[in-house]
There are 2 protein chains.
Amino acid sequence: MTHTTGGRPGRRLTSYELATWRGFIETAEQLRTVLGGRLREDSGLSEGDYGVLLALSEAEGRRMRSSALATHIGWERSRLSHHLGRMERRGLVARRECAEDSRGAEILATTEGMSAFRRATVPHLRAVRELFLDALTPAQLDAVAEIVAALRDRLPPGP
Amino acid sequence: MTHTTGGRPGRRLTSYELATWRGFIETAEQLRTVLGGRLREDSGLSEGDYGVLLALSEAEGRRMRSSALATHIGWERSRLSHHLGRMERRGLVARRECAEDSRGAEILATTEGMSAFRRATVPHLRAVRELFLDALTPAQLDAVAEIVAALRDRLPPGP
DNA sequence: GCCATGTGATTGACACGTCAATCATGATGA
DNA sequence: TCATCATGATTGACGTGTCAATCACATGGC
């Protein structure tokens, strides 16, 4: 069942290797797109919105320092800042000055933001089950976990 | 080694399932980002540019109908149109009117475009080997191929 | 106290992607 | 022929993401 001819470090890629790579990256991208579309239909939230609101919903008092939020969801700060601007315009989050450090900002989810998040979460998790978990056998799911761990080891540390 | 408790259709996601899902989607995203950054450094091309030039480089006479190109690389037409506009401005491709159908456009890679593509290709494939293929055992690579096939079966057909 | 330096966060410019609308041309049928 | 509809492609508006620059405030050394 193994199509590779063993380790081939530094060699030209076989078409099998190339196709597997492309398949991996394209399938992940398509999954993101489809899930994102459903999320949008169900709740009007984007994947980014969902991630931000998820983090805030799990935080003490539904509020978090902007930098902590960025670290928590693994985003660059400028990305978060732009995104929060858009979410604020839509009334999903609010910014407050930070008491301890006047440079800082506290982000908090609005009632409307939490409501949209709750509306999103069940269908979103259902879609993850349907398109990802249900497509895989338990052994394949374990394989995904292993593979992800192996790939992460080679990846340079995040921002 | 199996962490799931067997098929759990319709149930709430376990934290293992959720973490595996998140790991999958985030790792793929990070791989794209890192590969994209290297590509940019090595050649000044984005991943999109690379895909377009790859398709053109393999086409008869380095030219292709816009719609054929879109289908070939799996992009929506408007996306391709915008992207070609940016590439044309940078001198990487050129648009010509199509002889057989005056509605159509022929896209062709310029000398400069092909030169950038050649500059990009070796380091790009090397990076794919380094960050993806070399990180996985042959059995894991086969597992990726299987998993990708299983996921694709559940995915709605493309644009 | 004051300045240099670091840190939290925002901004502007620009590339990328999607959606809906548009436009021109080809094909079809009364 | 001409009205209609389909098709190839582009456009505009807008959300998203990155990079480099900026701004305000904190902090530590003198």
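Each chain gets a letter, A, B and so on, in the order the sequences are listed, and its residues count up from 1. Not measured: the values here are computed from a predicted model.
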Is there side-chain contact between Leu108(B) and Arg95(B), with heavy atoms separated by less than 4.5 Å?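 No. Closest side-chain heavy atoms not under 4.5 Å.
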Select one nucleotide: of dC16(C), dG26(C), dA26(D), the one nearest the side-chain heavy atoms of Ser102(A).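 Looking only at side-chain atoms, Ser102(A) lies closest to dA26(D).
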In whole angstroms, how far is the [atom2] atom of [N] from the [atom1] atom of [X]?
X         : N       : atom1 : atom2 : answer
Glu100(B) : dG26(C) : CD    : C1'   : 13 Å
Arg32(A)  : dG15(D) : CZ    : C1'   : 13 Å
Glu76(A)  : dT7(C)  : CD    : P     : 17 Å
Arg89(B)  : dC14(C) : CZ    : P     : 10 Å
Ile73(B)  : dG17(C) : CD1   : C1'   : 13 Å
Leu92(B)  : dC16(C) : CG    : P     : 10 Å
Arg86(A)  : dG12(C) : CZ    : P     : 14 Å
His83(B)  : dG17(D) : NE2   : C1'   : 15 Å

Please assess Leu133(A) against Glu17(B) for the test side-chain contact (heavy atoms from CB on, under 4.5 Å), listing each intermediate value before the final yes or no. CA-CA 7 Å; Leu133(A) 298 170; Glu17(B) 289 172 328; 3.8 Å; yes
Parallel, tilted or perpendicular: which one describes the rings of Phe24(B) and Phe24(A), with boundaries at 30° and 60°?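 Ring orientation, 0 to 90° scale: perpendicular.
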With Glu47(A) via salt bridge (Lys or Arg N to Asp or Glu O under 4.0 Å) - residues at least two apart: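 If we apply the salt bridge (Lys or Arg N to Asp or Glu O under 4.0 Å) test to Glu47(A), skipping adjacent residues, the hits are Arg32(A).
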Can you tell whether the side chains of Asp49(A) and Arg90(A) come within less than 4.0 Å, N to carboxylate O?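 A salt bridge is present here (some side-chain N lies under 4.0 Å from a carboxylate O).
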Assess whether a salt bridge exists between Arg96(A) and Glu106(A), defined as any Lys/Arg side-chain N lying under 4.0 Å from an Asp/Glu carboxylate O.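 No.
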What is the minimum heavy-atom distance between Ser67(B) and Arg77(B), and which atoms define it?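 Minimum heavy-atom contact is CB-NH1, 3.8 Å.
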Before giving the answer on side-chain contact (heavy atoms from CB on, under 4.5 Å), spell out for Phe132(A) and Ile147(B) the whole-Å C-alpha distance, their side-chain angles and the decisive distance to 0.1 Å. CA-CA 10 Å; Phe132(A) 183 73; Ile147(B) 287 159; 5.8 Å; no
Its contact letters, B for base, S for sugar-phosphate only and - for none at protein heavy atoms under 4.0 Å, make nucleotides 2-11 of chain D read -----BBBBB
Scan residues 39-54 of chain B against DNA chain C and write down, sorted by residue number, each residue with any heavy atom closer than 4.0 Å; if none is found, say none.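 Residues of residues 39-54 of chain B that come under 4.0 Å of DNA chain C are, in numerical order, Ser46(B).
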Atom CZ of residue position Arg62(B) - does it have more than 12 heavy atoms of other residues, nucleotides or ligands inside 6.0 Å?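 Counting other residues, nucleotides and ligands, CZ of Arg62(B) stays at 12 neighbours or fewer.
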